[in-house]
Amino acid sequence: MNDQASIVIPTFNRADFVKKAIDSSLAQTVKCQVIVCDHGSSDQTPQVAASYGDAITYIRREHDFGPHYCWLEGVMHATTPYIHMQFDDDWIAEDYMEKSLALMAEDVGVVMAYPVIVDEATGNHSDSGVPFRGMGMQTGVYSNRILHRQCIKKKLMVSPGASVFRKQDVIDALYQGGLPLKTNDEYHGVGPDAFMTYLTLLRYKKFGYINEDLVFFRSHEGSITVDAAADVVKKKKIKHAYKQVRNYYRLLAFYQRFKQLLDVVM
């Protein structure tokens, strides 16, 4: 059976965590290509990857040029049309990909499931504060108007780690690097991750939502979100970085509407 989707695991010095990310990817109920992209790890990550043999594709670079370049190289090695970005400190339920792919259609740009936060120190599980659950939404396909409202007006952040996209959309979101009109005030690893979702709002009419606990985000010291939340300056920078990408999306959406009106007139 051919691979139905690719799971890309970008990693950097997370040998203690990455094994669970790989194991959960290999355990999927549909056949998936698993790609581990390691840019510059100095720990035991190469040895962990080697222990899987041909079960995974392992890409190793000696130098780290930042997370987005690692993500992009991993995606470029994918041989399937669909991508899930599996971060190296998180994991997914075994039926996550099967249920996500079941909602993918020609007019669906992204399928998302919202993560459970697992505290590394205590093992406690908590909800990630997902607004969709408060809206009573069940698993299914919905208009992108709902997603636009949540992302732009309520400033919802949709993580690639809880989503399945088309490969080309991920490439188009990442290949820009620093997004146009972006200032030098940025946060390492933030920007194109959100733009993946915004791009689907411009290109497709619908999104898929899975109302189940299928994605698990590990909360631990060293994660971007935990690190930023504990530092006032970093928290401000990450908030500003996401504001800039929302503004960039607004500009593109305005241009798209203007062009559509212009095409009608002409």
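- Using cut-offs of 30° and 60° for the angle between ring planes, the Phe195 and Tyr248 rings count as tilted.
- Below 30°, between 30° and 60°, or above 60°: for Tyr249 and Tyr198 the angle between ring planes is below 30°, a parallel geometry.
- The local environment of CD in Gln47 is crowded, with over 12 non-hydrogen atoms from other residues, nucleotides or ligands closer than 6.0 Å.
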Inset, instruction - Could you walk me through whether Glu73 and His39 pass the side chain to side chain donor-acceptor pair (under 3.5 Å) test, one step at a time? - result: CA-CA 10 Å; Glu73 183 170 19; His39 277 201; 2.6 Å; yes
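- Criterion: ILVMFWY side-chain heavy atoms under 4.5 Å apart, direct or through other members. Under it, Val170 and Tyr204 are not part of a common hydrophobic cluster.
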Legend entry - Working for salt bridge (charged side-chain N to carboxylate O under 4.0 Å, His left out), residues Asp90 and Lys20: CA-CA 8 Å; Asp90 304 326; Lys20 189 161 188 175; over 6 Å; no
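- Of the possible donor and acceptor atoms, one in the side chain of Asn13 sits under 3.5 Å from a partner among the backbone N and O of Ser42.
- Hydrophobic cluster membership is shared by Val141 and Val164, with clusters built from Ile, Leu, Val, Met, Phe, Trp and Tyr side chains linked at under 4.5 angstrom.
- Phe207 pairs in a side-chain contact (heavy atoms from CB on, under 4.5 Å) with only one of the listed residues (Ile146, Leu201, Val111), which is Ile146.
- Aromatic ring pairs are classed by plane angle as parallel below 30°, tilted from 30° to 60° and perpendicular above 60°; the pair Phe254 and Phe258 is parallel.
- Applying the side-chain contact (heavy atoms from CB on, under 4.5 Å) test between Leu214 and each of Ile92, Val116, Asp95 identifies Asp95 as the sole match.
- Closest heavy-atom contact between Thr11 and Cys70: N-SG, 4.1 Å.
- The pair Lys205-Asp107 fails the salt-bridge criterion, with no side-chain N (NZ, NE, NH1 or NH2) lying under 4.0 Å from an Asp/Glu carboxylate O.
- Using a 4.5 Å heavy-atom cutoff, the side chains of His125 and Ile117 are not in contact.
- Within 6.0 Å of the CE atom in Met76, the count of heavy atoms belonging to other residues, nucleotides or ligands does not exceed 12.
- With Met196 as the fixed residue, the side-chain contact (heavy atoms from CB on, under 4.5 Å) test singles out one of Asp172, Ile171, Val158, Leu174: Leu174.
- Note that CH2 of Trp91 and CD1 of Ile9 are 13.5 Å apart. Values are rounded to the nearest 0.5 Å.
- The backbone N or O of Asp16 lies less than 3.5 Å from no partner atom in the side chain of Gln44, so there is not a single donor-acceptor pair.
- The closest side-chain heavy-atom distance from Pro81 to Arg166 is not below 4.5 Å.
- A donor-acceptor pair is defined here as one N or O able to donate and one able to accept, closer than 3.5 Å; such a pair exists between the side chain of Gln256 and the backbone of Leu202.
- Annotation: the span from Tyr209 atom OH to Gln138 atom CD amounts to 8.0 Å, rounded to 0.5 Å.
- Here the options are Arg250, Lys243, Gln244, the test is side chain to side chain donor-acceptor pair (under 3.5 Å), and the partner is Asn247; only Arg250 passes.
- Of all heavy-atom pairs spanning Phe87 and Gly161, the tightest one is CE1-N, 3.7 Å.
- Under 3.5 Å, the side chains of Thr29 and Glu94 contain no donor-acceptor pair of N or O atoms.
- The two residues Ala78 and Lys167 come nearest to each other via the heavy atoms O-NZ, 2.6 Å.
- For the atom pair CZ of Phe17 and CD of Glu120, the computed distance is 4.5 Å after rounding to the nearest 0.5 Å.
- To the nearest 0.5 Å, the span separating CZ on Phe165 from CE on Met104 amounts to 8.0 Å.
- Across all their heavy atoms, Gln86 and Pro10 have their closest contact at O-CD, 3.5 Å.
- The shortest heavy-atom contact between Cys151 and Thr197 is SG-CG2, 4.2 Å.
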Inset, instruction - Go through the steps to decide whether Asp89 and Arg14 satisfy the test salt bridge (charged side-chain N to carboxylate O under 4.0 Å, His left out), and finish with yes or no. - result: CA-CA 7 Å; Asp89 51 349; Arg14 291 268 178 82; 3.3 Å; yes
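- Taking CZ of Phe217 as the start and CG of Asp119 as the end, the distance is 15.5 Å to the nearest 0.5 Å.
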Legend entry - side chain to side chain donor-acceptor pair (under 3.5 Å) between Tyr52 and Asp23, intermediate numbers included: CA-CA 9 Å; Tyr52 289 92; Asp23 287 345; 2.6 Å; yes
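- Without hydrogens or angle criteria, Ser25 side chain to Ala21 main chain gives a donor-acceptor distance under 3.5 Å.
- Distance CE/Met85 to CH2/Trp71: 6.5 Å, rounded to 0.5 Å.
- With Asp3 contributing its side chain and Ala5 its backbone, the two residues share no donor-acceptor pair below 3.5 Å.
- Under the 4.5 Å side-chain heavy-atom criterion for Ile, Leu, Val, Met, Phe, Trp and Tyr, Phe12 and Val75 are members of distinct hydrophobic clusters.
- Here Asp38 pairs with Arg60 in a salt bridge; the nearest charged N to carboxylate O distance falls below 4.0 Å.
- Classification of Asp169 and Arg203 as a salt-bridged pair holds, one side-chain N sitting under 4.0 Å from a carboxylate O.
- At distances below 3.5 Å, at least one donor-acceptor pair connects side-chain atoms of Ser143 with backbone N or O atoms of Arg145.
- In plain terms, the two heavy atoms of Thr79 and Ser6 that are nearest each other are N-OG, 3.9 Å.
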